[in-house]
Each structure stands twice: as C-alpha cells, then as structure tokens.
Engineer: 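Next up is a structure, given as structure tokens.
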Amino acid sequence: MTTHAPQAAQAVTLPTTLDEAVAALAAMPAAVPVAGGTDLMAAVNSGQLRPAALVGLGRISEIRGWQYQDGHALLGAGLTHARMGRPDFAALIPALAAAARAAGPPQIRNAGTLGGNIASAAPTGDALPVLAALEATLIIAGPDGARREMPVSHLLAGMEMLRAGELIGYVRMPLLHAPQVFLKATGRTGPGRATASVALVLDPARRGVRCAVGAIAPMPLRPLEAEQWVASLIDWDNGRAIVPEALHGFGEYVAAACIPDAAPAEDGSVAQLPPAVLHLRRTVAALARRALGRALT
C-alpha cells in the first residue's frame, strides 16, 4: 500500500454495487479498478503505472461473500485471502483456503482479493493453480446489467480478455466433497513468492485426478496425460489405494510434462538442462508426489 495518493489520479469513484462499478468504468474508459491494491499500488509506487482515475471496489458488499448454487460455490471476487483462509471456508474448498493462507504476510492477506489475483494474472498467484485444477468459471459483469461466463483458463491463457467496462464479479467452481491439496515451494523460509506450486484435487464421482502446476510458466499448467495415467492406477473402490511406485512415477510424469527436455539437435544429441532448471523439475516432482500422497491418505 502507499502512504500517499498517486499524483496523476484525477478522480476516485467508490461505487456500492457491481453495476455501479461497471457504469463508472464505462463512463471513464481510462479508469483503473482497485480492490486490495496489493499489485496496483506497487506498480504506482514504482512508477510503472499512473492511472488517470480509480474505481474502488472495496464498498461492494455483494462480491465479498459466497453462496451455494446447484452443487457449486459462487465466490465473490472481493473475497480477501484472509477471509478465504478461515476454517469455515476451508471446509468448503480446502485447496483454495490453503493457497489463501500461503499468499503472503498478514497485510497482504488482509487486503488482497480473489478477483485481483485473477485479474493481475501474475504467474506466482497462489490461487491460480487451484482455480485451474477446479476448472473454475468466471462470471463477468458488463454494462447495462449484462453477465457472461468465461473459463478461468481462457483468461489466464489470453484466449479471452475482459472487454472495456467489464469486471470479474464472481468465480464459480464445483463442490467436489473430496480431498484437495495445495503445496508451494519458496526461495526462503516463511511466506514468500512461489518458485513452484501444485494444486491437486480428487474427483471420485468421475474417478479422476486434477492437477495444476503454478509459478513455473506464465499460466498454470495442466499435465492431462499424467492425470489420466495415475487415475487409472488408483483403486477407487478400496479406499483409493495406490502403490508407492505410482506416486513416485506421477511426480516424475508431472515434472517432465511441465518442464520437458530440450529438443534434439540436428545430429540427434540432446542438450542437458541447466542445473537451475533441473532443480526446478525436481521441486515440481516432489510437490506433485506429496500432493497426491496427502490427497489419497
């Protein structure tokens, strides 16, 4: 956060409803929406951004909670990491709660929001691999009360973008009522930016495993073949048992899928990956292996 207002900001609007916020953005095309401001104000303070106007989203109560909807959870984009980390939310979506608790120091968790994490789309965003693994859908609010849906993976991959005057209003994801795990590795002890992260959820109804790897690429990566392979080895009718060798193999499969070997040269030789990349691959393998092991116990 900043201790002073950005000098270039000419107007600050504080709407109390989602539609009012959309109308304010439509009326001021150069305006920038701000919720917790953990990323926005860092860009302002560093001189990377000088918004002409701000539309504050902190007073919109309708997007700061959640509700149930046809076997899904409808999460407001204004939910803070601190709120998602509480026990009642953890009982609902354990992996997202774990990611929220790992999002940084208390001042970041108290201010940062789910919608901001998505809109910023920083590769190290802790919530992003969880949303990818759960195949979440965004509810986008537009002018004149319009609402449209978009898979979160489309926005993160740049396949679809927010249009002028649109805001992320809600995030919808299935309630699987099954084990979910989020793990991350950082470059230092305690809260910090992830060097790699893994979200893993079980889908017993479909006898499936969903996994997403974050922080190592511009968007979370889904190792689909590894998911299908390990799901076929789980004894879903006998306590979800699996042999230890399959756990190890899953970790290696995920790591190789997300951090592949270099392409062969014309003479057929394959260059060795740099030590830092090999270390990252081992980290991803360990996280994936541990995540699956915890989900199955």
Side-chain angles (χ1 to χ4, degrees), residues 15 17-26 29 31-36 38-40 55 57 60 62-81 84 92-93 95-96 99-100 103 112-176 180 182 197 199 201 203 206 208 210-215 217-224 227:
T17 70
L18 193 56
D19 286 331
E20 286 179 4
V22 168
L25 288 174
V32 176
V34 56
T38 54
D39 290 325
L40 175 68
V55 176
L57 308 179
I60 306 176
E62 64 189 281
I63 61 171
R64 298 183 69 84
W66 70 84
Q67 57 185 291
Y68 303 102
Q69 186 184 76
D70 300 325
H72 291 70
L74 192 65
L75 312 180
L79 275 169
T80 64
H81 299 303
M84 291 187 291
L92 185 72
I93 309 174
L96 190 54
T113 63
L114 176 62
N117 215 210
I118 299 168
S120 297
T124 54
D126 291 319
L128 303 186
V130 180
L131 300 179
L134 287 168
E135 299 177 349
T137 300
L138 304 179
I139 310 298
I140 309 298
D144 302 319
R147 300 289 187 269
R148 68 183 180 98
E149 300 187 7
M150 177 198 307
V152 69
S153 59
H154 284 201
L155 179 66
L156 299 178
M159 298 168 61
E160 292 186 61
M161 303 300 291
L162 293 179
R163 301 165 187 163
E166 287 189 329
L167 281 172
I168 300 171
Y170 302 92
V171 180
R172 188 176 66 221
M173 59 185 62
L175 294 174
L176 299 178
Q180 305 175 8
F182 171 81
S197 61
V201 300
D203 189 350
R206 296 178 175 82
R210 301 186 201 166
C211 177
V213 179
M219 63 168 289
L221 303 178
R222 286 282 302 277
L224 298 178
E227 294 176 0

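Model, not experiment: these values are computed from the prediction.
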Engineer: Under 3.5 Å, which donor-acceptor pairs do the side chains of residues 65-75 form with other protein atoms, sequence neighbours left out?
Structural biologist:
| unit_1 | atom_1 | unit_2 | atom_2 | d |
| --- | --- | --- | --- | --- |
| H72 | ND1 | D70 | O | 3.0 |

Engineer: So which heavy atom on S197 is nearest to which on P129, and how close?
Structural biologist: OG-CG, 3.6 Å

Engineer: Shortest non-hydrogen contact from A132 to P220?
Structural biologist: CB-CB, 3.9 Å

Engineer: Using modelled atom types only, decide if a donor and an acceptor are shared between the side chain of Q180 and the backbone of L96 within a distance under 3.5 Å.
Structural biologist: no

Engineer: Minimum heavy-atom separation for V130 to A99, with atom names?
Structural biologist: CG2-CB, 4.0 Å

Engineer: Can you spot which of I93, L138, L114 makes a side-chain contact (heavy atoms from CB on, under 4.5 Å) with L131?
Structural biologist: L114

Engineer: What heavy-atom pair brings V55 and A24 nearest, and what distance separates the two atoms?
Structural biologist: CG2-CB, 4.1 Å

Engineer: Quick check for you: to the nearest 0.5 Å, what is the distance between H81 atom NE2 and N117 atom CG?
Structural biologist: 4.5 Å

Engineer: Return the CZ to CZ distance between R210 and R222, rounded to the nearest 0.5 Å.
Structural biologist: 7.0 Å

Engineer: With sequence neighbours excluded, give me every salt bridge (Lys or Arg N to Asp or Glu O under 4.0 Å) pair touching residues 166-175.
Structural biologist: R148-E166, E149-R172

Engineer: Give the minimum heavy-atom separation between E62 and T17, together with the two atoms involved.
Structural biologist: OE2-CA, 3.3 Å

Engineer: How would you list all residue pairs meeting side-chain hydrogen bond (donor to acceptor under 3.5 Å, both in side chains) that involve residues 136-147, not counting sequence neighbours?
Structural biologist: D19-R147

Engineer: How many angstroms lie between atom CG of L57 and atom CG of L18, to the nearest 0.5 angstrom?
Structural biologist: 8.5 Å

Engineer: For residues A95 and F182, report the shortest heavy-atom separation together with the two atoms involved.
Structural biologist: O-CB, 3.6 Å

Engineer: Please report the interatomic distance OH(Y170) to CG(L79), rounded to the nearest 0.5 Å.
Structural biologist: 10.5 Å

Engineer: Rounded at 0.5 Å granularity, tell me how far CG in L167 sits from CD1 in I140.
Structural biologist: 8.5 Å

Engineer: Do E160 and P151 have side chains that approach each other closer than 4.5 Å (heavy atoms only, starting at C-beta)?
Structural biologist: yes

